[in-house]
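Just the heavy atoms: all of them, side chains too, but no hydrogens, waters or symmetry mates, feed the values below. Labels below follow one simple rule: chain letters A, B, ... track the order of the sequence lines, proteins then strands, and each chain is numbered from 1. Please read these numbers as outputs of a predicted model, since none were measured by experiment.
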Protein chains: 2
Amino acid sequence: MSRKIGQKIWIGGTCPIRQVLDRFGDKWSILIIELLSHEGKLRFSEIAHTIGDISQKMLTVTLRSLESDGLVIRQFFPEIPPRVEYELSELGKSLVPHIQQLAAWGQTNMDTILENRKRFEEKQQSRTAY
Amino acid sequence: MSRKIGQKIWIGGTCPIRQVLDRFGDKWSILIIELLSHEGKLRFSEIAHTIGDISQKMLTVTLRSLESDGLVIRQFFPEIPPRVEYELSELGKSLVPHIQQLAAWGQTNMDTILENRKRFEEKQQSRTAY
DNA sequence: CTGCATCCCGAGTGATACTG
DNA sequence: CAGTATCACTCGGGATGCAG
């Protein structure tokens with residue numbers, strides 16, 4: 001049983017969902033992990049270019065945080081010009097299937113959600129129309 | 001094959017991961033869904049109390065958005081004082097297993113992540129110490 | 001009890017310029 | 001090429017007060 005609600009698993013950092021949300025709830029982490037899972041090993045500029053609308057700063061920050069948590073491996077080549085390659089660690093790879101489950105769910109159900117939302121808005125409008 | 005990166009699945013709203021992130025990347029949606037999946041049917045104040053540190057405003061806003069997207073069913077009882085009950089729709093329930101997968105992953109690996117992060121910080125400090 | 005409106009702060013994010 | 005540094009801003013979300 002995981003019903004220990006009286007013991008406050010819903011409050012604070014002990015709740016596993018909160019931990020996951022805390023770590024991956026930002027704008028880019030999940031997306032970068034998923035991208036690396038497809039492409040294997042990528043350079044900084046390749047990631048930036050593929051995602052398209054991420055700023056250099058946010059890419060740096062996000063990659064650094066992923067590296068610090070051991071989800072991504074960073075390999076630096078001190079050449080001229082410098083080259084850096086990123087790839088998923090085993091830990092990072094172990095997260096990928098779960099992300100893809102979510103993505104698949106989204107692909108199946110997001111249309112329904114958007115329809116629901118649209119109808120809900122219309123219903124609200126007709127209500128205030130009185 | 002889902003490798004159509006040249007076709008820009010990574011840019012804009014077409015990427016399923018972005019859609020999911022867009023919808024569920026906020027602070028409370030996932031947590032509320034998971035809570036309702038445990039408890040079945042809850043009143044507004046019960047949710048507020050169980051979560052503990054959510055403001056009334058954010059609970060209202062989040063529940064309203066979940067309702068609008070058809071993930072949660074809202075039942076209003078026009079009594080005095082009023083009573084409102086929330087429960088997951090079928091659509092909402094269909095998301096639960098995926099959330100629990102993520103939570104389980106977190107429970108297994110979050111300790112490792114936090115250790116990694118700690119060691120990374122220490123390594124950075126010793127570097128700037130020179 | 002439940003929910004809406006208003007005000008407001010600050011973390012997270014982006015734009016820009018600079019460095020090795 | 002791959003960052004770092006700085007500034008500016010948006011906007012998520014918290015506090016408070018009011019209403020049905």
Leu42(B) CG - dC1(C) P separation (whole Å)
15 Å

Interatomic distance where CG belongs to Leu21(B) and C1' belongs to dG12(C) [whole Å]:
15 Å

Output the rounded distance in Å from CD (Glu79(B)) to P (dC1(C)).
13 Å

Taking every non-hydrogen atom, the tightest pair across Glu46(B) and Arg43(B)
OE1-N, 2.7 Å

Taking only residues two or more places apart in sequence, or in another chain, which ones meet Glu87(B) in a salt bridge (Lys or Arg N to Asp or Glu O under 4.0 Å)?
Lys41(B)

Measure all distances between protein nitrogen or oxygen atoms and nitrogen or oxygen atoms of nucleotides 14-16 of chain C, and list the pairs falling under 3.5 Å.
from, atom 1, to, atom 2, distance (Å)
dG14(C), OP1, Lys27(A), NZ, 3.1
dG14(C), O6, Lys57(A), NZ, 2.5

Donor-acceptor pair, Ser68(A) side chain versus Phe120(B) backbone, under 3.5 Å?
no

Should Ile73(B) and Leu36(B) be regarded as members of a common hydrophobic cluster, given that ILVMFWY residues are connected when their side-chain heavy atoms come within less than 4.5 Å of each other, either directly or indirectly?
no

Which is true for Phe77(B) with a 4.0 Å heavy-atom rule: it touches a base, it touches only sugar-phosphate, or it touches nothing?
nothing

Side-chain polar contacts of residues 100-108 of chain A - donor-acceptor pairs under 3.5 angstrom, sequence neighbours left out - could you list them?
from, atom 1, to, atom 2, distance (Å)
Gln101(A), OE1, His98(B), ND1, 3.4
Trp105(A), NE1, Ser94(B), O, 3.4
Trp105(A), NE1, Ser94(B), OG, 3.0
Thr108(A), OG1, Ala104(A), O, 3.0

Arg83(B) CZ to dG3(C) C1': how many Å, rounded?
17 Å

Starting at CG of Leu59(B) and ending at P of dC1(C), how long is that distance when rounded to a whole Å?
14 Å

Any side-chain N or O of Arg43(B) less than 4.0 Å from the OP1 or OP2 oxygen of dT2(C)?
yes

Angle between the two end axes of the helix from dC1(C)-dG20(D) to dG20(C)-dC1(D), five base pairs per end, rounded to 10 degrees?
40°

When rounded to whole Å, the CD1 to P distance for the pair Ile80(B) and dA19(D) reads 17 Å

Spacing of Ile47(B) atom CD1 and Tyr86(B) atom OH [to the nearest 0.5 Å]:
7.0 Å

note: Glu85(A), atom CD; dA2(D), atom P; distance rounded to Å ~ 9 Å

Mind checking what makes side chain to side chain contact (heavy atoms under 4.5 Å, CB included) contact with Ile33(A), not counting sequence neighbours?
Phe24(A), Leu66(A), Leu88(A), Leu95(A), Val96(A), Ile99(A)

Linked, directly or transitively: Leu63(B) and Phe77(B) (ILVMFWY side chains, under 4.5 Å):
no

Taking for each residue the nucleotide of DNA chain D bearing the nearest heavy atom, is the 5' side occupied by Thr60(A) or by Gly25(B)?
Thr60(A)

Rounded to whole Å, please give me the gap between CD1 in Ile32(A) and C1' in dT13(C).
14 Å

Those residues that, when tested against Lys118(A), pass side chain to side chain contact (heavy atoms under 4.5 Å, CB included) (two or more places apart)
Glu122(A)

First encountered from the 5' end of DNA chain C, between Leu63(B) and Pro82(A):
Leu63(B)

Could you name each residue pair satisfying salt bridge (Lys or Arg N to Asp or Glu O under 4.0 Å) that touches residues 61-81 of chain B, not counting sequence neighbours?
Arg117(A)-Asp69(B), Arg23(B)-Asp69(B), Arg64(B)-Glu67(B), Glu79(B)-Arg83(B)

State which residues pass side chain to side chain contact (heavy atoms under 4.5 Å, CB included) with Lys57(A); sequence neighbours excluded, sorted by chain then number.
Ser55(A), Val61(A)

Which ones in residues 65-74 of chain A lie close to DNA chain D, meaning a heavy atom under 4.0 Å from one of its atoms?
Arg74(A)

Please identify each residue that fulfils side chain to side chain contact (heavy atoms under 4.5 Å, CB included) with Lys27(B), with sequence neighbours left out.
none

